[in-house]
Amino acid sequence: MARDMRTPSAPADGYAALGAETLLRIHAVMVKARALEERLIKMSKSGDGFFWIGGPGEEAFNAALGLQVKKGQGTAYDYLHLHYRSSAIALAMGMPVVDALRQMRNVAADPFSKGRNFVNHLAIPQLNIVPMSSTIETQYATAIGTGIAHARDGGDAITIVNGGDGGTAEGDFHSCLVWANRPALPLPILIVVANNGWAISVAEDTQHGEKNISDWGKVFGMPAKTIDGNDPVESWLAIAELMSYCRTQRRPALLEAKLSRLYGHSSSSGANRIPEPDCIALFEARLLERKLATKEQLEKTWRENLAEVDAAHQRVKAEPLPKAESIWEDVFADGLPQSYPRNGGSF
Amino acid sequence: MANMAQAIRLALHYGEENLGVREIFGEDVGPPLGGVFTATQGLKHAWNCPLDERGIIGAAMGLAWAGFRPVAEIQFVDYIFNVIDLLKLAGNSAWTTGGRFKTPMVVMTPTGSGIHGAVYHSHSFDSIATKIHGMKVVCPSTPLDAYGLMISSIKDDSPVLFLKPKALLRTRGDELIPGEPEGEKELKAMIDAPIGDRSKWKPKWPKVTDYEVPLGKAKVSHSGTDATVVTHGRMAPIALEAARALESEGSIEVVDMRSLIPYDWDLIKASIKKTGRVLFLNEETEITNFGEHLLRRTVDELFYELKVRPRLLCGKATPGVGLSSVLENFTQPQKPDVERALRELLADPA
Ligand SMILES: Cc1ncc(C[n+]2csc(CCOP(=O)(O)OP(=O)(O)O)c2C)c(N)n1
Ligand SMILES: [Mg+2]
């Protein structure tokens with residue numbers, strides 16, 4: 001189906017403005033993310049894990065975003081409320097690939113959930129990546145809270161929230177817009193919508209009458225843009241502009257990135273390659289065309305990242321599964337009282 | 001002697017001054033109203049937010065993850081049903097993240113019947129709240145317990161749902177809050193906002209001090225040897241009155257749970273072992289009532305210690321509580337119902 005996707009050609013000055021070094025950094029993150037996600041898909045198909053959901057197709061936008069985060073722990077740094085297609089953001093911020101593989105294989109060493117949750121459900125306190133949940137759009141509600149923390153504690157740190165197009169029909173999206181634009185205390189939140197045109201099997205244009213999701217920004221008079229999220233340069237520049245607005249004005253901005261969903265919704269829909277524009281292939285063509293990289297250079301990036309993912313996978317294969325009794329850990333922050341019911345009934 | 005609304009206010013003031021509470025918010029929580037039951041009047045950090053329960057819980061969660069210790073209010077528990085999934089997230093985020101993220105937030109909300117609140121101001125939420133595993137749930141029946149439970153809830157690193165029995169918010173206890181002035185009038189003059197223009201008003205806070213009611217600890221509010229009533233919140237003073245009224249017929253022990261999650265099974269168990277007769281009493285509806293869980297556990301663990309079958313007295317399983325007193329009093333347990341149930345429990349031949 002034909003989609004209203006802007007042609008992925010960023011202005012030449014965008015490439016010049018970013019420079020080869022930054023462009024290649026973005027490229028390396030994109031490749032790492034793709035190499036990781038394709039391995040995760042394989043694992044789900046070969047019984048080396050169960051369900052897969054992830055971000056192939058979002059690498060351009062997510063790498064550009066993740067590399068511009070003010071990363072660290074606490075209110076002096078950006079808080080991120082992400083969704084299940086955000087791996088490239090976390091990789092750009094330094095998440096080791098081995099951790100994602102651990103969660104896929106649900107081993108005890110899975111640092112995000114101790115083998116309890118699906119892959120790409122991250123939680124990284126050191127990077128202010130707050131708990132990610134399968135519940136669509138709830139991250140737009142929790143973003144309000146760290147937004148308030150950022151508004152109170154000043155500085156230039158902001159809250160960033162990211163989710164899909166389908167989810168914007170939920171009230172939580174509206175909550176986020178209303179609270180972020182509250183005259184009593186505007187919130188520095190970069191509200192991102194990764195619009196892949198689909199919510200599982202339902203096409204966006206059959207359910208959403210708004211021309212652009214970013215048009216919601218007009219109601220509040222907030223800066224809002226719709227961009228080609230398959231283009232890392234256009235993404236980088238738009239993110240930089242709106243991030244800077246949020247950081248300095250301490251107010252919200254809305255950014256809609258139109259991008260591809262390259263392996264369908266999840267393993268439930270087969271996780272097979274879909275013929276939509278591939279942000280990495282497009283980016284590599286541009287880099288070569290502009291002589292910002294050589295073919296050998298790009299191939300080396302692929303080789304290194306594939307090798308890294310492979311080595312990490314071999315390591316994770318040998319790691320033990322969680323112990324059954326570990327279900328009693330972390331129920332309450334201060335441990336379970338001795339008399340807490342633990343039998344699952346009468347026996 | 002403070003009433004329960006004043007006691008909660010004093011605890012929140014203590015929290016602002018000593019426990020790092022910087023955000024107290026909800027619908028009508030800030031000035032001029034200070035809460036529909038005045039529980040947040042005069043507080044330094046109390047503010048009004050949009051009329052959006054999902055935003056309220058989402059905000060509290062985000063603040064908690066950012067290291068704040070927020071106290072958020074849902075104006076009535078009757079309006080909490082559209083945030084159940086967010087409360088689930090608050091409750092499960094320590095567990096789903098393998099202990100990486102704690103969610104130290106307090107959500108307080110008026111609960112239950114007894115104020116002629118009709119269909120949407122009489123709900124209870126106990127059974128649903130107690131199924132949101134990872135979240136703690138407390139419900140005081142006296143001002144002093146409300147004070148101590150609020151302080152403990154603020155200090156706790158798990159999310160806590162603080163249920164405020166609507167019908168008890170104006171009632172007074174017989175124990176002073178540590179630091180509270182003796183005179184009722186004196187306290188009122190210090191911390192209650194005046195009628196009319198409040199724009200210049202500032203409270204004069206008494207120097208209240210630390211006092212914890214540990215989460216998970218029940219109390220015996222009336223000791224006895226012949227039968228046990230396990231109850232909480234609005235039903236606790238009714239049980240107490242009934243126990244006193246029936247003193248000549250039997251010696252009844254009243255266990256006021258105070259915490260529903262975690263609950264003080266050790267104390268409940270010890271009392272049932274002693275008396276062999278037990279009534280679970282609450283105002284929520286029958287059919288997967290929280291008391292039914294306690295009853296099942298009693299049967300499983302104390303079957304051979306029971307002299308007679310254990311019983312439950314609770315609200316009737318209707319879609320709502322009707323406005324007319326005739327309807328409300330028939331739907332919700334009233335003092336005569338409690339007395340009748342206790343008489344039957346005492347009289348049942350072992
Ligand atoms: C509240 C909620 N409703 C339904 C689902 C089931 N579900 C999972 S993903 C999804 C589609 C989400 O679409 P969109 O927001 O566009 O994100 P995308 O997957 O396209 O990135 C649905 C309906 C869910 N996880 N949470
Ligand atoms: Mg989508």
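To find a chain, count down the sequence lines: A is the first, B the second, and so on, and within it residues start at 1.
The environment of CD in A/E210 is crowded: more than 12 heavy-atom neighbours from other residues, nucleotides or ligands sit within 6.0 Å. Environment of CH2 in A/W216: sparse, with no more than 12 heavy atoms of neighbouring residues, nucleotides or ligands closer than 6.0 Å. More than 12 heavy atoms of other residues, nucleotides or ligands lie within 6.0 Å of CZ in B/R296, so this atom counts as buried by the packing criterion. Within 6.0 Å of atom NZ in A/K323, 12 or fewer heavy atoms from other residues, nucleotides or ligands are found, so the atom counts as exposed in its surroundings. No more than 12 heavy-atom neighbours from other residues, nucleotides or ligands sit within 6.0 angstrom of OH on A/Y77. The environment of A/F51 atom CZ is dense: over 12 non-hydrogen atoms of other residues, nucleotides or ligands sit within 6.0 angstrom. Counting non-hydrogen atoms of neighbouring residues, nucleotides and ligands closer than 6.0 angstrom, the NE2 atom of A/H174 reaches no more than 12 such neighbours. Within 6.0 Å of atom NZ in B/K274, more than 12 heavy atoms from other residues, nucleotides or ligands are found, so the atom counts as buried in its surroundings.
Of the listed residues A/L185, A/I327, A/N128, the one with more heavy-atom pairs under 4.5 angstrom with chain B than any other is A/I327. Of the listed residues (B/S93, B/G67, B/C49, B/A60), the greatest number of heavy-atom pairs within a distance under 4.5 Å of chain A belongs to B/C49. Per-residue heavy-atom pair counts under 4.5 Å with chain A were compared for B/I57, B/N82, B/L89, B/D266, and the maximum is reached by B/L89. Interface summary for chain B: among A/T142, A/I124, A/I144, the most heavy-atom pairs under 4.5 angstrom belong to A/T142. Taking chain B as the reference chain and counting heavy-atom pairs below 4.5 Å, the highest number among A/D172, A/D110, A/T135 is found for A/D172.
At a 4.5 Å heavy-atom cutoff, the contact between B/I56 and chain A is made by backbone and side-chain atoms alike. With a 4.5 angstrom heavy-atom cutoff, B/D264 does not touch chain A via any of its atoms. Heavy atoms closer than 4.5 Å to chain B are found in the side chain of A/T75, but not in its backbone. Residue B/D300 touches chain A through its side chain alone, counting heavy-atom pairs closer than 4.5 Å. There is no contact between A/L336 and chain B, counting heavy-atom distances below 4.5 Å. For B/E23, the part lying near chain A is the side chain, with the backbone staying farther off; criterion is any non-hydrogen pair under 4.5 Å. A/V331 touches chain B through backbone and side chain together, each having a heavy atom under 4.5 Å away. Heavy atoms closer than 4.5 Å to chain B are found in the backbone of A/I129, but not in its side chain.
Closest approach of A/T146 and B/G62 over heavy atoms only: CG2-O, 3.4 Å. When all heavy atoms of A/P341 and B/R297 are compared, the closest pair comes out as CD-NH1, 3.6 Å. Scanning both residues, A/V130 and B/F101, for their nearest heavy atoms gives CA-CZ, 3.7 Å. The two residues B/G98 and A/K114 make their nearest non-hydrogen contact at O-CE, 3.5 Å.
Side-chain atoms of B/S158 come within 3.5 Å of backbone N or O of A/A333 as a donor-acceptor pair.
One distance of note links CZ of B/R54 with CD of A/E170; it measures 7.0 Å at 0.5 Å rounding. We find the CG-OG1 distance between B/D85 and A/T138 to be 7.0 Å, quoted to the nearest 0.5 Å. Between the CD1 atom in A/I148 and the CZ atom in B/F68 there is a gap of 9.0 Å [rounded to 0.5 Å]. For the atom pair OG (A/S133) and CG (B/L86), the distance works out to 9.0 Å, reported to the nearest 0.5 Å. Between the OG atom of A/S339 and the CD atom of B/E301 there is a distance of 9.0 Å, given to the nearest 0.5 Å. A/R116 CZ to B/T97 OG1: the interatomic distance, rounded to the nearest 0.5 Å, is 8.5 Å.
Taking the side chain as every heavy atom from C-beta outward, A/D153 and B/R22 approach each other to under 4.5 Å. The side-chain heavy atoms of B/T96 and A/M132, taken from C-beta on, include no pair separated by under 4.5 Å. With a 4.5 Å cut-off on side-chain heavy atoms, B/R100 and A/P111 count as touching. Considering only heavy atoms from C-beta on, A/F332 comes within 4.5 Å of B/I261 through its side chain. At a threshold of 4.5 Å between non-hydrogen side-chain atoms, the residues B/W95 and A/P131 do not count as touching. B/D157 has its side chain out of reach of A/D334: every pair of non-hydrogen atoms, C-beta onward, lies at least 4.5 Å apart.
Relative orientation of the A/W179 and B/W47 rings is perpendicular, given thresholds of 30° and 60° on the angle between their planes.
Ion pairing between B/D52 and A/R182 fails under the 4.0 Å rule for side-chain N and carboxylate O.
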